[in-house]
Amino acid sequence: SNLVLLCRRPSASATDLMTPLALLPWPAMLSQSGMVETIPGTPRMNHAQCWCGSSCGASLPSSMVPSLPGVLVGIFLVSACSYQRGRRATRKLQKCGCRGRLPRISCSATAQDAKAEVAWRRAHVSPDGTHHVGACGNALYAHRFDKVLPFHDPGLAPVQRGATAWHIDVCGVAAYDRRFSRTFGFYGGRSAVVDAAGRAWHIDASGQDVYLERYAWCGNFQEGRCVVRTHDDRYMHLTESGIPLTSTCQRWRYAGDFREGVAVVHDDTHRATHIDPDGALLHGQYFLDLDVFHKGFARAQDRHGWMHVSTSGEPIYDRRFQAVEPFYNGQARVHRFDGGVEVIDEQCNTILEVRPASAQRGDTFEKLSADLVGFWRTQALHVATSIGVFEAMPDSLDCIAAKIGMPVSSLKRLLRALGELGTVALGADGMWRLTERGALLRADHPLSLADAAWEYGEHMTEAWRRLPRMLRNPEEPPPDVFKHVAADPERCRRHHRMLRSYARHDYSEVARKIDLRDGDVVVDAGGGVGVLTTEILRQHPGVDAILFDLPEVVLKNEVPEELRDRLVLCGADLQADWQASMQRQVNTVIFARVLHDFNDDLAIQIFVNAKQVLKPKGLIQIIEFLLPEDDFNGGLCDLHLLAVTGGKERTQSNFEELIRASGLTFVGRRDLPALPSLLIAELND
């Protein structure tokens, strides 16, 4: 058992906290001297009492404390004279319940420092969040704030009053003179602060800046590293002195805290991996999502589902799950895709089934029935966009009906269906409003899918009726949908507005991932109205571009006027002679979501045509969604292409075969921020 020796001056207030002198195990108190050993010349006290400051009455017999120093400067031993009375005093301290909850006091610390440390470690935020209280619930100071946060080492807590924030000590006294708009807890001796301009950085316990740089956001120091976000929305880690990690000076799309020497980071393709404290890649494996390591394993997600990986980044088993929890003493709970839940070991053996699959799978008949009526959704959205329902909101039922010329009773039925599809909502004020999903169906939305609803509802249904014939006769010449679209001015306009929305969504950051050098000439083949062309010209100011598509399409291009001095329009068919159309050599040809509209023979012919205009060592860069080699994803889209264009989705190996058949060399693959991937081929010498 332990005995706490505490002292105060006899003239001190009875409500003052006692100052601890030592926390010693009882056997160590046995001494032949019969005295508490002290350093000569220190002030003397003559009373000892329990630290808790309450009326528990746990005091030491005076015969055991003939003299006590006011400042702790050494190790103190209590004599065994009055041994029984000492034991009774110890029992009182035990009964009080404060024994054993105090830290051991360093022999070099002052009693005042020890008192403060004990106080802030035992303090917590009051129920109303305006101040701090001790273990017994008593307020530690008289001040009141709008908000306080817990104390952290070195015994300081963030406080807020109005628009001003700072740190206080356990007595409520400001730790420094500076003031900020927001302060946070100290971690690793550093606190994140924010000024009135929204700039964030770190200070030390004296209120001094740790470094000069300012950031858009700062995290907390963990394991000697801290995450910050720059003003251009890039994440990186700092060392304790505020220097970015020097091995790579890498800036990430997102970065997390270090734990056990490893942090998770996300790159521009939205893939996640692990880095070490120097910023170097730990294993070089990338995932859709990722967690830090726990018990030697990390949770990771690939396109098949969630799993656990080792420190080498390799899966520790073959199965995939809808969700997994970290391993705890060799076992982890996992959620299967069929709705079942089980507990597995580190070899993925099932220990027990917590919930069977039938508990969440639902009725198979109902699910299949819902799939069979999928065209209901397409047609309902097509009708709503065609008659202008989404443009008529927000408004009341009667007003919307008047705007679109529809009986109220009919509109009410349509709005019920649109509500089921999550595109509209009825407010408590009787007003119908668009949801975020529904806003995408307005014609004036930057990423409008109104034209897609029209295209799928008006034209694609008929195309799918050709599918049985196309499947039975794969050699049948495919329909030339692009010439049909170009021949109809209204459909051409709406079709390419649809493609523009998809391109804006998918290509917002693709251009910066394309390898181009100053002075290069790049062809955007099948580039439509020039969304990707525009991004290429903006991201690569030293590059010239050729927008290549059917004449009717390129004349509708939307490339901004300020970029047109580096743009050439080329109206021709991709299957025709490129050299005759362009009459110049280029460094790179880009096919962005184009080749999937053509069967293999036509795709090879287009590659051969592109070779005519490539300079030696010129590149063909292909942006496409790649079918996985080992699952069913993309199958419906592949059937859609067959029915509409006669084209197909392809795996990477399919593209490699086409590239070789065209006399090109496959260089490699790069994953992009959006769904597609980038494949690179080179013209042989």
Side-chain angles (χ1 to χ4, degrees), residues 232 443-448 451 482-483 485-595 597 606 609-610 612-615 618-623 672-674 676 678:
D232 59 352
D444 57 358
H445 195 285
L447 297 177
S448 174
D451 293 302
F482 301 108
K483 288 187 176 179
V485 169
D488 182 343
E490 175 63 12
R491 187 181 179 190
C492 183
R493 181 179 66 86
R494 301 190 70 163
H495 180 83
H496 285 283
R497 282 196 320 203
M498 173 187 72
L499 296 181
R500 178 187 64 188
S501 291
Y502 287 121
R504 285 176 174 174
H505 179 269
D506 293 346
Y507 301 156
S508 60
E509 297 198 25
V510 166
R512 73 178 66 184
K513 292 295 182 180
I514 299 174
D515 290 326
L516 296 172
R517 294 168 296 184
D518 287 352
D520 280 356
V521 177
V522 57
V523 177
D524 184 4
V529 295
V531 175
L532 180 58
T533 304
T534 299
E535 290 302 315
I536 290 173
L537 292 173
R538 283 175 173 162
Q539 298 290 339
H540 303 275
V543 166
D544 290 342
I546 299 174
L547 178 58
F548 185 19
D549 211 313
L550 294 174
E552 301 89 340
V553 177
V554 296
L555 290 176
K556 296 180 173 63
N557 80 88
E558 300 176 358
V559 178
E561 189 66 35
E562 66 269 17
L563 301 176
R564 290 181 178 270
D565 60 335
R566 296 188 286 126
L567 172 69
V568 173
L569 301 179
C570 183
D573 194 322
L574 294 180
Q575 301 175 54
D577 186 346
W578 287 32
Q579 184 64 50
S581 302
M582 292 187 195
Q583 298 182 354
R584 65 185 299 182
Q585 298 295 104
V586 302
N587 304 91
T588 298
V589 175
I590 297 173
F591 294 100
R593 305 292 290 272
V594 170
L595 295 173
D597 289 323
I606 292 172
N609 292 345
Q612 298 173 0
V613 299
L614 275 179
K615 294 180 179 180
L619 300 178
I620 290 180
Q621 304 197 47
I622 305 159
I623 300 170
L672 298 174
L678 175 65

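This one's a predicted model, so the numbers in the text were calculated from it and none came from an experiment. Note that these values count all heavy atoms, side chains included, but never hydrogens, waters or copies made by symmetry.
The stretch residues 548-558 participates, sequence neighbours left out, in these salt bridge (charged side-chain N to carboxylate O under 4.0 Å, His left out) pairs: R500-E558. Listed by first and then second residue, the side chain to side chain donor-acceptor pair (under 3.5 Å) pairs involving residues 560-577 are N557-R564 (not counting sequence neighbours).
Residues V510 and D506 come closest through the heavy atom pair CG2-O, 3.3 Å. Taking each heavy atom of I590 and V522 in turn, the nearest pair found is CD1-CG2, 3.5 Å. Closest heavy-atom contact between A576 and N609: O-ND2, 3.1 Å. Closest heavy-atom contact between M582 and F548: CE-CD2, 3.3 Å. For N587 against D520, the heavy-atom pair with the smallest separation is OD1-CA, 3.2 Å. When all heavy atoms of S501 and S448 are compared, the pair lying nearest together is OG-O, 2.6 Å.
Checked against side chain to side chain contact (heavy atoms under 4.5 Å, CB included), V594 has the following partners two or more places apart in sequence or in another chain: L574, F591, F598. The salt bridge (Lys or Arg N to Asp or Glu O under 4.0 Å) search around D597 returns none, not counting sequence neighbours. Under the side chain to side chain contact (heavy atoms under 4.5 Å, CB included) criterion, L678 pairs with Q621, I623, R670, L672, I680, not counting sequence neighbours.
Interatomic distance, I622 CD1 to R593 CZ, rounded to the nearest 0.5 Å: 13.5 Å. Atom CZ of R504 is separated from atom CG of L499 by 12.0 Å, given to the nearest 0.5 angstrom. The CE atom of M498 sits 13.5 Å away from the CZ atom of R493 when rounded to the nearest 0.5 Å. Once rounded to the nearest 0.5 Å, the distance linking CD of Q585 with CD of Q612 reads 9.5 Å. R494 contributes atom CZ, which lies 5.0 Å from atom CG of D451 (distance to the nearest 0.5 angstrom).
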Run W578 and V589 through side-chain contact (heavy atoms from CB on, under 4.5 Å) and show every step you take. CA-CA 11 Å; W578 287 32; V589 175; 3.8 Å; yes

Show which side-chain atoms of residues 525-543 pair as donor or acceptor with protein atoms under 3.5 Å away, not counting sequence neighbours.
residue : atom : partner : partner atom : Å
T533    : OG1  : D524    : OD2          : 2.6
T534    : OG1  : G530    : O            : 2.8
H540    : NE2  : A511    : O            : 2.9

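With respect to I546, the side-chain contact (heavy atoms from CB on, under 4.5 Å) criterion is satisfied by exactly one of V613, L567, V521, L569: V521.
Within the 4.5 Å cutoff, the side chain of L547 has no heavy atoms near those of the V568 side chain.
In K483, the NZ atom is not crowded: 12 or fewer heavy atoms of neighbouring residues, nucleotides or ligands sit closer than 6.0 Å.
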